[in-house]
Amino acid sequence: MATWTIGDLRVTRVEEQLGFASFPPDRYLSGLTRDVLERHRAWLVPNHYSPEHDRFVSSIHSWLIRTPHHTILLDACAGNHKERPGFARFHQLDTPYLARLRAAGVVPEEIDIVLCTHLHSDHVGWNTMLRDGRWVPTFPNAKYLFSRTENEIGDPRRNPAAEADAQRNNAYRDSVLPVIEAGQAVLVDGLHAIENGLLIEPAPGHTPGHIVLKLADRDERALFSGDAIHHPIQVYRPDWNSCFCELPDLARATRRRLLEHCAEDDALLFPIHFGAPHVAAITHHANAFALRFVAGS
Ligand SMILES: [Zn+2]
């Protein structure tokens with residue numbers, strides 16, 4: 001299992017699924033033009049784009065972050081046995097995700113923080129698991145950190161738009177609400193330090209309450225960007241949003257701001273959906289960004 005080190009901290013990728021996006025590239029990223037894909041084809045194929053399928057490669061994984069003080073799971077994939085009609089990649093899954101977490105050296109009881117960058121169904125699934133017909137928190141000793149804004153707009157009991165959105169509605173009711181009812185949720189506003197060097201920041205656009213985690217240790221840095229960026233081609237075209245971005249103008253501005261942070265502060269980018277090797281360093285020249293993949297060990 002691939003692990004990266006940031007100073008003294010260890011970051012391990014816990015895979016749920018590595019597959020293809022559900023739509024062709026020009027539907028997955030709005031504004032995409034095929035000439036740009038062609039120009040970058042040499043590095044896109046095969047880890048990030050499959051010409052045979054005409055689909056982007058899309059990973060769904062969590063980041064397991066181990067510090068001397070905390071064992072943190074960042075984003076919780078789609079989860080098992082969740083009812084997600086119309087979304088084959090998320091519907092009634094049965095993956096060995098928890099076995100992979102154990103293979104990384106951690107049992108669910110040892111996770112002390114779960115951080116969800118936002119409340120879309122592919123980021124909250126493993127928050128809960130089915131036990132005796134009920135959804136219960138998978139990580140019994142964890143505090144689950146959610147953005148307060150995200151929780152407000154995601155709660156179908158308070159927001160008719162979330163009630164009408166089958167994905168948000170189901171995900172909230174089976175993967176967020178049981179955590180709140182168990183008293184394990186902590187709602188965060190604005191900047192929130194988990195510990196020295198681990199800072200949650202608002203990064204709205206993909207969703208109104210989307211948050212990211214900045215990590216720094218011994219002069220090394222990382223950015224856990226959630227879905228502020230979906231696919232590595234967006235490093236070259238940060239103006240292309242995914243079809244899942246809810247506030248398009250803000251999503252573009254946030255993506256550019258986060259890429260600037262990575263380039264200027266030398267922070268490694270840890271997204272949730274990039275294909276192998278899943279992590280990249282970003283450089284910035286003449287108003288354009290470029291990426292160099294950084295494999296774990
Ligand atoms: Zn996602």
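We count ligands from 1, going down the list as the structure has it; atoms in each ligand are counted the same way.
- Using cut-offs of 30° and 60° on the angle between ring planes, the pair Y28 and F23 is tilted.
- Residues D75 and H123 have side chains that bring a donor and an acceptor to within less than 3.5 angstrom of each other.
- Residues K82 and S121 bring no donor and acceptor atom of their side chains to less than 3.5 Å of each other.
- Inside a sphere of radius 2.8 Å centred on the Zn ion (ligand 1), the protein N/O/S atoms present are D122 OD2, H123 NE2, D227 OD2, H273 NE2.
- Screening E246, R168, E150, H118 for a side chain to side chain donor-acceptor pair (under 3.5 Å) with T207, the sole residue that qualifies is E150.
- If you run ring-ring contact (aromatic ring centres under 6.0 Å, His included) between F56 and each of H273, H48, H231, only H231 comes through.
- Relative ring orientation between F146 and Y144 is described as tilted, the plane-to-plane angle lying within the 30° to 60° band.
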